[in-house]
Student: 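For reference, the structure I am asking about is given below.
Chain A is the first sequence line, chain B the second, and so forth, proteins listed ahead of strands; every chain is numbered from 1. The basis for the numbers below is simple: all heavy atoms, side chains too, and nothing from hydrogens, waters or symmetry mates.
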Number of protein chains: 2
Amino acid sequence: MSGIKEKTVAYIGHPEWSSENCPIRDVLNHVSGKWSSLLLTALDDGPMRFAELRRFVPDISQRMLTKTLRDLQRDGYITRTVFPTQPPRVEYALTEEGRSFLIPLQGLIDWAGENHWKIRAARASFDTES
Amino acid sequence: MSGIKEKTVAYIGHPEWSSENCPIRDVLNHVSGKWSSLLLTALDDGPMRFAELRRFVPDISQRMLTKTLRDLQRDGYITRTVFPTQPPRVEYALTEEGRSFLIPLQGLIDWAGENHWKIRAARASFDTES
DNA sequence: CGGGATCCTCTGTGATACTG
DNA sequence: CAGTATCACAGAGGATCCCG
């Protein structure tokens, strides 16, 4: 009995929190985004530039990289620093908030690494039975 | 230094894991779903019936409830048991896998509960500055 | 280098009505 | 009660071209 339900109920019950306003959903929607968690983990070792991030996540489009970074900045997970050189230099770095978020996120990533084979197996079994 | 980047790189680097096959993305896509994590936490106290879950999450549509439950079952997070009574009775329950998933999930939910005000504040500040 | 602007596709989600 | 079927839509994400 972990008590997870009670904590969740406290939010769901409140009509005020329903859907949009629910803080849980609010946070989860960022983990959810196809690239958010990836970019946050990329910045764990220190600031990175736009092109560096693009190389780190080879299959992201420029559009999505820009958009995801702006969203993360908007929510205070990262900072964006422009150095007025020629050519321009822009660095992205984790905030304290972003860094603290990596802790619970890592728990999830570890779980995924250890259990994804079970998921695949379950899925395969489910699909053949149907 | 949490080492989260190295663990992630191990997956991203591998061409084999890119996007679809990446186990991290695979798991995160389920936490992401608008209702998945909510339903999993709901089942933490024990099995529940379809209508019970619907009452627990008032703003979910029948369609999404059905679909999300089937997806969770497919991936082995929950079981679906049909009692051939009249009227029919169907119970959903966590598997061991589903139960173990709640542990890292709770870490994220706790973080959300503690930090969502910072996110809101950062967002508001970002929007007014622009 | 670090994006912005535009157009397009596809998936997730919702509303509604119907069924064993 | 516990769903299925159909239609509709918004937004996520991608492709491409352009710019200071």
Side-chain angles (χ1 to χ4, degrees), chain A residues 12 18-22 25-39 42-43 47-75 78-93 126 130, chain B residues 12 18-22 25-39 42-43 47-75 78-93 126 130:
Chain A
I12 301 178
S18 291
S19 63
E20 305 309 320
N21 287 326
C22 174
R25 299 225 52 78
D26 207 3
V27 169
L28 261 44
N29 279 343
H30 283 288
V31 192
S32 107
K34 192 168 179 179
W35 310 109
S36 306
S37 56
L38 224 47
L39 294 178
L43 294 173
M48 282 205 207
R49 302 180 58 177
F50 192 86
E52 283 184 288
L53 288 167
R54 191 138 63 135
R55 279 190 297 272
F56 183 78
V57 188
D59 52 341
I60 194 174
S61 65
Q62 295 145 332
R63 177 172 137 72
M64 275 302 109
L65 181 53
T66 302
K67 183 182 185 305
T68 307
L69 287 172
R70 200 181 330 106
D71 287 350
L72 290 174
Q73 181 196 1
R74 185 169 107 104
D75 284 12
I78 65 176
T79 59
R80 177 178 184 272
T81 311
V82 182
F83 298 90
T85 59
Q86 195 53 255
R89 172 192 181 88
V90 179
E91 275 192 359
Y92 295 91
F126 183 90
S130 300
Chain B
I12 300 178
S18 291
S19 64
E20 305 308 320
N21 287 327
C22 173
R25 299 224 54 78
D26 206 4
V27 169
L28 261 44
N29 279 344
H30 284 287
V31 192
S32 109
K34 192 169 181 178
W35 310 108
S36 306
S37 57
L38 223 48
L39 294 178
L43 293 174
M48 282 205 207
R49 302 180 60 177
F50 191 86
E52 284 183 288
L53 287 167
R54 187 135 67 135
R55 278 190 297 273
F56 183 79
V57 187
D59 53 341
I60 195 174
S61 65
Q62 296 141 334
R63 176 171 141 70
M64 276 301 108
L65 181 53
T66 302
K67 182 182 186 305
T68 307
L69 288 172
R70 200 183 327 108
D71 288 350
L72 290 174
Q73 181 197 1
R74 184 169 107 104
D75 284 13
I78 65 175
T79 58
R80 177 178 184 273
T81 311
V82 181
F83 299 89
T85 59
Q86 196 51 254
R89 172 193 180 88
V90 179
E91 274 192 359
Y92 296 91
F126 183 90
S130 301

Student: Within the structure shown, what part of the strands sits under 4.0 Å from B:Arg70 by heavy-atom distance: base, sugar-phosphate, or nothing?
Tutor: sugar-phosphate
Student: From the set C:dG2, D:dG3, D:dC1, return the single nucleotide nearest to any side-chain atom of B:Arg49.
Tutor: D:dC1
Student: A:Asp75 and A:His30: side-chain donor and acceptor closer than 3.5 Å?
Tutor: yes
Student: Any sub-3.5 Å donor-acceptor pair from A:Arg54's side-chain atoms to A:Ile60's backbone N or O?
Tutor: no
Student: Would you say A:Lys67 reaches C:dG3's phosphate, i.e. side-chain N/O to OP1/OP2 under 4.0 Å?
Tutor: no
Student: What is the distance, to the nearest angstrom, from the CG atom on B:Asn29 to the C1' atom on D:dG13?
Tutor: 13 Å
Student: Of the candidate nucleotides D:dC17, D:dC1, D:dA2, which contains the atom at the shortest distance from the side chain of B:Pro87?
Tutor: D:dC1
Student: Starting from P on D:dA2, measure out to CD on B:Glu91 and report it in whole angstrom.
Tutor: 9 Å
Student: Counting heavy atoms from C-beta on, name the nucleotide in D:dC1, D:dG14, C:dC1 closest to the side chain of A:Ser61.
Tutor: D:dG14
Student: Looking for any heavy atom pair under 4.0 Å, which part of the strands does A:Arg54 touch: base, sugar-phosphate only, or nothing?
Tutor: nothing
Student: Before you tell me yes or no, could you show the steps for B:Tyr92 and B:Leu39 under side-chain contact (heavy atoms from CB on, under 4.5 Å), namely the whole-Å CA-CA distance, both residues' side-chain angles and the distance that decides it to 0.1 Å?
Tutor: CA-CA 10 Å; B:Tyr92 296 91; B:Leu39 294 178; over 6 Å; no
Student: Nearest-Å distance, CG (A:Leu69) to P (C:dC1)?
Tutor: 16 Å
Student: Roughly how many Å is it from CG in B:Leu38 to P in C:dT13, rounded to a whole number?
Tutor: 12 Å
Student: Indicate whether OP1 or OP2 belonging to C:dG2 is found under 4.0 Å from a side-chain N or O atom of A:Arg89.
Tutor: no
Student: To the nearest Å, give me how far apart CE (A:Met48) and P (C:dG2) are.
Tutor: 13 Å
Student: Can you tell me the distance, in whole Å, between the CG atom of B:Leu65 and the P atom of C:dT16?
Tutor: 18 Å
Student: Judged by each residue's nearest nucleotide on DNA chain D, which is more toward the 5′ side, A:Ser32 or B:Val90?
Tutor: B:Val90
Student: Where the side chain of B:Met64 is concerned, which of C:dG20, C:dG14, C:dC1 is the nearest nucleotide?
Tutor: C:dG14
Student: Quick one: A:His30 NE2 to D:dG13 C1', roughly how many Å, whole number?
Tutor: 17 Å
Student: Between B:Glu52 (side chain only) and B:Arg49 (backbone N and O only), is there a donor and an acceptor less than 3.5 Å apart?
Tutor: yes
Student: Whole Å only: how far is the CZ atom of B:Phe50 from the C1' atom of D:dA2?
Tutor: 6 Å
Student: Do B:Leu28 and A:Ser37 pass the side-chain contact (heavy atoms from CB on, under 4.5 Å) test, and can you show the C-alpha distance, the side-chain angles, and the key distance before you say yes or no?
Tutor: CA-CA 9 Å; B:Leu28 261 44; A:Ser37 56; 3.3 Å; yes
Student: From C-beta outward on A:Trp35, which listed nucleotide comes closest to its side chain: D:dG13, C:dG2, C:dG14?
Tutor: D:dG13
Student: Go nucleotide by nucleotide along DNA chain D from the 5' end; which of A:Thr68 and B:Glu52 gets its closest nucleotide reached first?
Tutor: B:Glu52
Student: Can you tell me if B:Lys34 touches the phosphate of C:dG14, counting only side-chain N or O atoms and a distance under 4.0 Å to OP1 or OP2?
Tutor: yes
Student: Want to settle it: does A:Arg63 or A:Tyr92 sit nearer the 5' end of DNA chain C, counting the closest nucleotide to each?
Tutor: A:Tyr92
Student: If we ignore hydrogens and angles and just use 3.5 Å, is the side chain of A:Asp26 paired with the main-chain N or O of A:Cys22 as donor and acceptor?
Tutor: no
